[in-house]
Amino acid sequence: MNCNNKSIELMHKYLDGDLSKGEETTLRMHLEECEACQKHFHELKRTITLIQSAEHISAPADFTSAVMKKLPTEKKSMKYTR
Amino acid sequence: MDQIIREKIKQVKKGDQSAFEDVVSFFQNKIYQHCFRMLGNAHEAEDMAQEAFIRAYVNIHSFDDNRKFSTWLYRIATNLTIDRIRKRKPDYFLDAEIKGTEGLDMYSQLASKERLPDEEVESIDLQRYIHQEISELPPKYRSIIMLRYLEEFSLQEISDILDIPLGTVKTRIHRGREALRKRLRHV
């Protein structure tokens, strides 16, 4: 297998859940014998873990009320029904 | 939650503005965060996130109830941020840094209010570094990486949000992962 193309393509298919049974076997057998691809695969999986650990950011405290103030005014009929 | 949102949207369509407040409140952090990561600064992120909700409200009758509201909302927000990036002057980033001295840059926004033990500080530094690396990806890769791994949409949903073919989403997510792998392998 050409390490630089075919197996890397299979790794990405694996990450997207698109790998067929046959392809899975091909990839696994290749990874067992190719250290460079093992490393590449490990780095890809670790990258995803790292992305998912990026800091969560919250909206400013007054965000919702700021949006509500900017909305066009409600139809009069609705106000009377409340 | 989807069911509650669906009910709220029905009420908004009937003209009940207060129902929309619950919708904004529920999605505010997600949409703000999405805009922040796309744009890289708090000032524009707030503007664009507000605008996204306002547009959703104004155009609520064009929203198809059989679709997922979150997909529709992210689509509005993503289009707004991409438009904004396109319209930026080349020197925009310098301005953003100057504004940052007034406490509006992204690092002050990310700063925690409480003092933390050393190891947590270290992990926050790492989280920031990762955020930084994501935000340096070209927008077309960045949006997909964020939607997939931070906002946990499926590839099909991402294809709907961005209105691009599934095959293109896959090509871009592969390239985005490879680009980040190179940037993050030494972490």
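The analysis underlying the following values was restricted to heavy atoms, covering all of them including side chains, and did not include hydrogens, waters or symmetry mates.
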Compare every heavy atom of [Y] with every heavy atom of [X], then report the nearest pair and how far apart it is.
X       : Y        : result
A:Ser53 : B:Gln127 : O-CG, 3.1 Å
A:Ala54 : B:Leu150 : CB-CD2, 4.2 Å
B:Val58 : A:Pro72  : CG2-CG, 4.0 Å

Backbone N/O of A:Phe63 and side chain of B:Gln50: donor-acceptor pair under 3.5 Å:
no
Counting N and O atoms only, with roles assigned by atom type, does the side chain of B:Asn29 sit under 3.5 Å from a partner on the main chain of A:Ser58, one being a donor and the other an acceptor?
no
Distance check, rounded to the nearest 0.5 Å: [X] atom [atom1] versus [Y] atom [atom2]?
X        : Y        : atom1 : atom2 : result
A:Asp18  : B:Leu166 : CG    : CG    : 7.5 Å
B:Gln17  : A:Leu71  : CD    : CG    : 5.0 Å
B:Tyr57  : A:Met68  : OH    : CE    : 7.0 Å
B:Phe26  : A:Thr64  : CZ    : OG1   : 12.0 Å
B:Tyr129 : A:Leu50  : OH    : CG    : 10.0 Å

Answer yes or no: is there a side-chain heavy-atom contact under 4.5 Å between A:Ile57 and B:His131?
yes
Which bit of B:Ile54 is near chain A, if near means a heavy-atom gap under 4.5 Å: side chain, backbone, both or neither?
both
Checking B:Ala45 against chain A: side chain, backbone, both or neither under 4.5 Å from a heavy atom?
neither
Under 4.5 Å to a heavy atom of chain B? For A:Ile48 that would be side chain
Portion of A:His40 that has a non-hydrogen atom of chain B nearer than 4.5 angstrom:
both
In terms of heavy-atom pairs under 4.5 Å with chain B, the winner among A:Lys13, A:Gln52, A:His42 is A:Gln52
Note: vs chain A, highest number of non-hydrogen pairs under 4.5 angstrom among B:Gln33, B:Met146, B:Lys30 is B:Gln33
Counting heavy-atom pairs closer than 4.5 Å to chain A, which one of B:Glu152, B:Glu133, B:Lys170, B:Arg37 comes out on top?
B:Arg37
Quick check on the structure: residues of residues 174-187 of chain B within a heavy-atom distance below 4.5 Å of chain A, by number.
B:His174, B:Arg177, B:Glu178, B:Leu180, B:Arg181, B:Leu184, B:Arg185, B:Val187
